[in-house]
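Presented below is the structure to which this report refers.
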Amino acid sequence: MGFRKDFAWGAATSSYQIEGAAYEDGKGWNIWDVFCKEEGRIFSSHTGDIACDHYHRFREDVEIMKSLGMKAYRFSINWARILPMGEGKVNEKGIMFYSDLIDALLEGGIEPFITLYHWELPYELYKKGGWMNEDMVTWFGEYAALVSERFSDRVTHFFTLNEPQCFVGLGFLEGVHAPGVTAPVRDTFTMSHIALKAHGMAVKQLREHAKQDIFVGYAPTGTMSYPDSDKPEDIEAARLHLFSLPDDLSQWTWNVSWWSDPVVFGEYPEEGLKKYREYLPTITKDDMKLISQPIDSYAQNIYNGHRIRMGADGKPEMVKRYDGFPKTALDWPVTPECLYWGPKFLYDRYQLPIYITENGLSCHDTVSVDGQVHDPNRIDFLYRYLKCLKQAAEDGSDIKGYFQWSLMDNFEWHSGYAERFGLVYVDYHTQKRIIKDSGYWYKKLIESNGDILI
């Protein structure tokens, strides 16, 4: 028992967070290139212009992955690097970078998993309305077709959108991520519907242009819910809570079912259609048919969860965290149970093989006097979380793979370089990489296929 023999043990990154080379070799601008130039948007005015310089150092980074025994690597393509205008003319130098990366991964025995969109919207498309423009469905489809044409001869695993909850919610509702807009709530529902249609079109185009059989998934996020006890009523309360929809419109994007039910079932949840009725765009049967193009796996980025019990009124209620509750350097709660109950509830509902496409934590990592980076908190975190994921697999949830966030320290969006999530330490002044203790621990975990989790 334990994890399946072909379990995909890996790590994840995104293009803007690690690549750098923001204005080299014909790459176009994306919304993050612009957003980071605005005063007061990013911690200490940091930008991703250089980041981890992965564009020039990817071979070194692949060697590190290989040395750690990683089986898989999830990375995103910077849309504007291969289509500088977002559509039309292809930038062959951008294509060559990703092609060389893919070849290096395969030579190292590492399976590439491509994410089409990890928030790198080409600025030229943003100027045309971006996610408010119905043409995004076509543009994203053409982009997906190009990626499939050029890379599916060697890559078989693709994810369409990463965390639409964030790029709509944080980018256009709260305005803390690029492009930094606080849009009317109605607009964000329109964006979400267009984004889901773009997902569906990407699934179609990936398959139509594939050079071989491919596996297509989707990578949303969300705070999981786990029960306060093993009582049936608390378990059911946690399940209900996970798939419920917020009443607070300023936080409406933070949910699972609005983003995933349409993709898997072809229907928005009835609760949301009633609750959000006055804000919704026109939704047609053809829209839902496009959104629900069949996918091969369901992915979820999972970091933490809420403890839930059944209230005296028969409704789920959140259990207050005790004083001194453990937290990460980013003040996120440490809740390993979410990696058991989250995948279980998701698998029970959607009945698709599951990848955990992100999970990890920020620590206050520093280089010690011995020149090494000792991060026992990360090892402890990963042990606790992955033990819960192993139990979920043993109890019948079909878990296909796990991608630790992140392979290396990187540009952490509006936090700049203040947070370190990596298994590999990056000195941003010298670009020296140092494998942290957690990286070596992860290697042992992979070698044992999780058997060291006892």
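- Note on Arg81 versus Glu19: salt bridge recorded, some NZ/NE/NH1/NH2 to OD/OE distance being below 4.0 Å.
- For Asn449, the side chain to side chain contact (heavy atoms under 4.5 Å, CB included) partners two or more places apart in sequence, or in a different chain, are Phe3, Phe7, Trp9.
- Ring geometry, Tyr350 versus Tyr298: the interplanar angle falls under 30°, so the pair is classed parallel (tilted spans 30 to 60°).
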Below 3.5 Å, can you tabulate the donor-acceptor pairs from side chains in residues 388-397 to any protein atom, sequence neighbours excluded?
residue	atom	partner	partner atom	Å
Lys390	NZ	Gly450	O	3.2
Lys390	NZ	Leu453	O	3.0
Gln391	NE2	Asp395	OD1	3.1
Gln391	NE2	Asp395	OD2	3.4
Glu394	OE2	Gly2	N	3.4
Asp395	OD2	Tyr340	OH	2.7

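- Look at Asp6 and Lys71 and you find no salt bridge, because none of the NZ, NE, NH1 or NH2 atoms lies under 4.0 Å from a carboxylate O.
- Ring geometry for Phe411 against Trp32 counts as perpendicular: the plane angle is over 60°, on a 0 to 90° scale with 30° as the lower cut.
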- Query: Can you check side-chain hydrogen bond (donor to acceptor under 3.5 Å, both in side chains) on His241 and Ser225, steps first, answer last?
  - Reply: CA-CA 7 Å; His241 186 266; Ser225 304; 2.8 Å; yes

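- Under 4.0 Å is where a charged nitrogen must lie from a carboxylate oxygen, and between Asp375 and Arg420 no such pair does.
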- Task: Could you walk me through whether Tyr268 and Tyr276 pass the ring pair (Phe, Tyr, Trp, His ring centres under 6.0 Å) test, one step at a time?
- Result: CA-CA 11 Å; Tyr268 282 106; Tyr276 305 138; 10.0 Å; no

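- Relative orientation of the His414 and His177 rings is tilted, given thresholds of 30° and 60° on the angle between their planes.
- The pair Glu447-Lys444 does not count as a salt bridge, with every side-chain nitrogen at least 4.0 angstrom from each carboxylate oxygen.
- Using a cut-off of 4.0 Å between Lys/Arg side-chain N and Asp/Glu carboxylate O, Lys327 and Asp331 are scored as salt-bridged.
- Under a 4.0 Å N-O distance rule, the pair Arg309/Glu317 qualifies as a salt bridge.
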- Task: Kindly indicate, with the supporting measurements, whether the criterion salt bridge (charged side-chain N to carboxylate O under 4.0 Å, His left out) is fulfilled by Asp398 and Arg4.
- Result: CA-CA 9 Å; Asp398 186 4; Arg4 54 198 296 161; 2.7 Å; yes

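- Using a 30° and 60° split on the angle between ring planes, Tyr143 and Trp79 fall in the parallel class, below 30°.
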